[in-house]
Amino acid sequence: MNISRRRFGKTVAAAAGVAFASVSLPRFVLAQSPTASLLKFPPKFLWGCATASYQIEGGVKEDGRGPSVWDTFSHTPGKTFRGDTGDVADDSYHLYKEDVKLLKDMGVTVYRLSISWSRIFPNGTGQPNEKGLAYYQRVVDELLKNNIAPYITLFHWDLPQALPGGWQSRDTSKAFADYAAYVSKQLSDRVHDFFTTNEFVCFTDLSYKNGQFAPGLKLPDKQVNQVRHHGILAHGLAVQAIRANARAGTQVGLAENATVHVPVIESREHIEAARRATRERNAPFLTAVMEGKYTDGYLEREGTNAPKVEAGDMKVIGSPLDFVGLNVYTPEYVRADSSRDGFVVVQRQTSAPHMASPWLYIGPEVIYWAVRNVSDIWKPKALYITENGCSADDELRDGRVEDTDRVMYLRNHLTHLHRAASEGYPIKGYFLWSLMDNFEWADGYSKRFGLHYVDYKTQKRTPKLSAEWYREVIARNAVE
Ligand code: PNW
């Protein structure tokens with residue numbers, strides 16, 4: 001039986017009460033007692049880190065890699081901070097053994113990395129490039145040698161530039177399925193877990209509607225909805241392609257940054273409002289994937305701008321998954337109201353605290369509600385936190401980075417994740433974003449999310465205080 005955190009707390013308090021009554025120990029003894037202060041995770045809980053190909057690899061012209069939309073975009077003046085590009089990034093293309101060692105030193109047992117599609121298919125389709133595949137085989141083998149299980153994301157935004165029309169074209173969804181089929185066939189002898197796509201909203205809306213990510217377009221709503229449809233269709237087709245081509249037992253899911261709705265007060269009406277908001281406000285993405293249909297609300301709202309859907313698409317999109325991965329960063333607060341939707345998203349206070357990235361508002365309960373809302377609505381078999389972490393103004397002083405603010409951020413999030421685990425939600429593991437500082441997309445190298453500080457001039461990696469802290473968490477399987 002799962003004992004809830006609250007009940008656990010009461011039990012501990014009661015036991016402590018007895019101890020206090022008989023020997024009247026000073027209070028701080030309780031605070032230092034390991035059993036009273038440690039929040040233990042389930043015995044087989046998986047602790048990991050996450051990265052993405054274009055953000056860490058560099059080696060963009062190496063071994064026959066074709067260009068991706070992010071090469072083109074980052075080399076276009078004005079698109080990224082100070083014109084930063086992923087040409088070199090962390091040079092993990094060459095330094096991957098060192099990076100595996102960083103993982104090993106922290107004691108992580110799972111690592112989420114992504115594959116650059118254009119290393120494998122330089123033109124997006126056609127003949128595979130064996131040298132590109134060989135790189136990932138080397139990385140995977142190095143991980144396995146160190147008892148770290150690779151979890152592979154097939155698409156983390158670095159779309160092959162050569163694909164005509166990018167995600168505006170339905171053919172791109174099919175090309176993605178072919179690529180997924182090939183990679184999963186080649187790697188599933190050593191890789192057990194695959195994620196299809198990472199964060200639909202980022203490679204659709206942010207890329208084709210807001211223009212802040214590659215390819216930097218600002219299309220009208222109707223075309224954006226079609227791009228979104230091609231994104232989720234690509235995911236569904238890839239799920240089927242992996243099931244048809246990978247070794248039996250291969251596990252498939254996706255990594256999605258669903259908008260997370262937190263009830264303003266934990267009461268029944270607001271909890272229900274947050275649930276309704278989760279379904280409706282993720283309608284073009286996770287809701288469609290989990291339900292195999294667009295909600296009536298979405299179709300009504302979009303009207304004539306709704307995407308063109310071909311027969312069979314929604315069934316493909318709703319292909320059953322083995323797990324759902326959630327990238328969790330920032331909360332939206334919701335309250336119940338009497339409107340037709342039954343919820344209202346509360347405007348953020350101007351005083352709401354955030355980390356170094358201005359969008360990264362802090363609300364650690366977000367991770368609990370991410371797991372709970374998704375579980376309560378769709379009952380996935382298993383869940384992972386596929387990303388969680390933060391940017392901070394890290395500075396190397398006397399060889400150290402004392403990122404106490406990142407530790408604060410992480411500690412609080414893990415406390416709320418612990419609550420989800422102790423209430424019995426099927427949360428299997430946690431991938432911290434990120435192993436090391438890297439190319440933070442349009443923000444270039446100006447924002448650092450790593451547990452390891454990277455000196456981009458020398459490529460030296462230095463563990464931050466947070467890496468030391470994470471190692472303790474993993475060793476104890478608990479957060480303090
Ligand atoms: C995720 N936002 O992206 C990505 O999966 C990572 O590649 C990225 O480095 C990480 O989070 C940190 O940003 C996001 O503006 C990018 O809300 C932007 C947003 C959210 C997530």
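When a residue number appears, it is its place in the shown sequence, counting from 1. Keep in mind that what you see is a predicted model, and the values were worked out from it rather than measured. Atoms within a ligand are numbered from 1 in the order they appear, just like the ligands themselves.
Any N or O atom pair closer than 3.5 Å counts here, and W433 shares at least one such pair with ligand 1. Taking only nitrogen or oxygen atoms, main chain and side chain alike, Q212 does not reach within less than 3.5 Å of ligand 1. For the pair H156 and ligand 1, the shortest N or O to N or O distance falls below 3.5 Å. Considering both main-chain and side-chain atoms, N257 never comes within under 3.5 Å of ligand 1 through any nitrogen or oxygen pair.
Here the two rings, on W117 and F176, have centers that are under 6.0 Å apart.
Closest to atom 17 (O) of ligand 1, if we only count protein heavy atoms, is W359 CE3, 3.4 Å. Closest protein heavy atom to atom 10 (C) of ligand 1: Y329 OH, 3.4 Å. Atom 14 (C) of ligand 1 has its closest protein heavy atom at E199 OE1, 3.5 Å.
When each atom of ligand 1 is checked for a heavy atom of F449 under 4.0 Å away, the hits are 12 (C), 13 (O). Within the listing of ligand 1, atoms 8 (C), 9 (O), 12 (C), 13 (O) sit less than 4.0 angstrom from a heavy atom of E440.
Using cut-offs of 30° and 60° on the angle between ring planes, the pair W70 and W441 is tilted. Ring planes of F45 and F41: tilted class, angle from 30 to 60°.
Residues N225 and Y298 have side chains that bring a donor and an acceptor to within less than 3.5 angstrom of each other.
The part of E387 lying near ligand 1 is the side chain, judged by heavy-atom distances below 4.0 Å. If you look at N198 next to ligand 1, the close heavy atoms, those under 4.0 Å, all belong to the side chain.
For R419 and Y368, the positive end sits near the middle of the six-membered ring, less than 6.0 Å away and at most 45° from its axis.
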With a 3.5 Å cut-off and sequence neighbours excluded, list the donor-acceptor pairs that the side chains of residues 200-224 form with protein atoms.
from	atom 1	to	atom 2	distance (Å)
T204	OG1	F200	O	2.7
D205	OD1	R228	NE	2.8
D205	OD2	R228	NH2	2.7
S207	OG	C202	O	2.8
S207	OG	A214	O	3.0
Y208	OH	W167	N	2.9
K209	NZ	D221	OD1	3.1
K222	NZ	T304	O	3.0
Q223	OE1	Q168	NE2	3.4

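Y470 approaches G48 most closely through the heavy-atom pair OH-O, 2.8 Å.
A salt bridge is absent between D403 and R448: the closest approach of a Lys/Arg side-chain nitrogen to an acidic carboxylate oxygen does not fall below 4.0 angstrom.
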